[in-house]
Amino acid sequence: MEFPAIWLTLKLAGLSTLLLMLVAIPVSWWLSRWNSRFKAVVQACVALPLVLPPTVLGFYLLLAFAPDSLVGELWLTMTGERLAFTFEALVLGSVIYSFPFAVQPLYASFCQFHPHYLHTAKMLNLPWSARLVKVWLPAIKPGLLIAAGLSFAHTVGEFGVVLMIGGNIPGQTRVVSIALFDQVESLNYGSAHQLAATLLIFSLCLLMALYWLQGRRRLKWNVM
Amino acid sequence: MECHVRGQAGEFYLDVVLSATAECAWFGLAGHSGAGKSTLLQALAGFDPSAKVQGQWQDIDLSSARNTVLVSAQTPLFPALNVADNLELVARYNQQLTNIAAIVALCECEALLLRHTTELSGGELQRVKLARALLANPRLLLLDESFGAMDRALRFRILKKLRVFLGQHTRVLMVSHDINEIILCCDHLAVIENGGTVACGALSELLNPEYSDLSTTVLPLISVLQGVMWEHKGGVSRVLIDQTDVRVSDESDAQSGSPIRLLLPAEAITLATEQGEALQTNCLKGRVMALRAYSATQNVVIIDCGGQRLSALVDNYNPQCELLSVGRRVWAYFSGQQTLV
């Protein structure tokens, strides 16, 4: 069993989900409160990773992460290391690749959250901490859980982007999906079966949990 | 009290001026739905940052919306908390924890405390919202149809308790479709139409038939007669109006000897030019002060009843109308099914 690959996958997915939540919550909130004719442009950009082949995204990310490009150069001067084919590159790529999966449930949940709740709480002299914890957070909790769950599951399941920008370096970029591909290439079907079944069962359980949550809270999310 | 509110919502423009004497504590707002009453209250509550509010009500600066609490459909309970937690949360941040029991009793919410907010009926929801608003210790309370889903007895009971509870500490601006509610509580009234003020003044002036054109559109033609509570026995209240004993079957907790007002809608009155044998419980006598057209088919008759004015309606195609002339003695008959406030 490829335990280092499994551990690396969980680390990648966990870290990406955390970063995604930090970025997607403010972006989704702003998007849900923003009215402009350019909104469609921003929404389309956010949703792009849903429809693009992962290899297209991976290709452009590879170009962007190269040491002679702007992002790659900036990273090199900041850390003294190359960005492409590192774990950090994978995290960055995953955040971009899974971005719509975090934004869409959050956006739906924020749109349902009427501004009257916050107006009322402010009018009743509740301090911002109480407004956040007692009014805002409970209302967006289902959307937050679904966004985190989907981001995690989607990062675990990515392959094309990882292949393009990460390669297959054990302990660095060799995640489960890459390891599986490697085992099949080497006709190692026993190990491949183990990895494939692990991914299948894990993803199935996670999605079942999310759908159960969605049914209970009647929350809408537009991924499927 | 002076207040000027300007605002805009899409194509709708609001430009309302309200004024009243300084001691006015309860101010009523009437008007058709869509006239801008709720928009006005939301502007005063600070919900609409684009609205411009200027004014002063005693020492309350209306432009800041500080210590101003709105109770309306736009102020939902917090759905993640049950009724008790909704109240407790607001009380804690307004240093009102010791007042929870009294306010819950005033709003008659004792039985609702453990319920979830989604399990409340319309009237229960309104009571809990009112209790929560009072726990924020407001200086200005804005009530937007806050009693509409309660039955009449409950509504009047809570309003009477609320008047006593708030005293002079809190000023109240109240929107209601039920003119009786406004008459019960308010001493001043404004009528809002199409985002502007149509009329504004003391209640006794606006309900006066001089404003009959207004009465036909928004305010019902209704006379408010001052009297003294005589006694209350077996569900019947006896009130002394102009030395006449008037019997009304309305629950009233007023003490004997205390002043009370009788609300007498014009259509409830039967006029007679001779004292006769009409099968009505009550009769007030007076003299015709004025007579004028009210609608295409009705005339309004304004009667002086020992210094108080009473308005009645008669069909203008009734040949006996000719008998009514200014100065003529008339008798106004009405049943006991009237309201005391």
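In the text below, chain A, chain B and the rest are named by the order of the sequence lines, each starting its count at 1.
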Return each pair, listed once, that meets side chain to side chain donor-acceptor pair (under 3.5 Å) where at least one residue sits in residues 16-29 of chain B; pairs must be two or more places apart or across chains.
none
Heavy-atom neighbours of A:F59 CZ exceed 12 at 6.0 Å:
no
Most contacts with chain A, counted as non-hydrogen pairs under 4.5 angstrom, among B:L70, B:L81, B:L77:
B:L70
Specify which of B:P138, B:G46, B:P76, B:P79 makes the most heavy-atom pairs with chain A at under 4.5 Å.
B:P76
Nearest heavy-atom neighbours spanning B:A136 and A:L124:
CB-CD2, 3.7 Å
Relative to chain A, which segment of B:L135 carries a heavy atom at a distance below 4.5 Å: side chain, backbone, both, or neither?
neither
Show me the donor-acceptor pairs under 3.5 Å between chain B and chain A.
unit_1: B:N94; atom_1: OD1; unit_2: A:N125; atom_2: ND2; d: 2.7
unit_1: B:N94; atom_1: ND2; unit_2: A:L124; atom_2: O; d: 3.0

Report the distance from atom CZ of B:F78 to atom CG of A:L126, rounding to the nearest 0.5 Å.
5.0 Å
More than 12 heavy atoms of other groups within 6.0 Å of B:D178 CG
yes
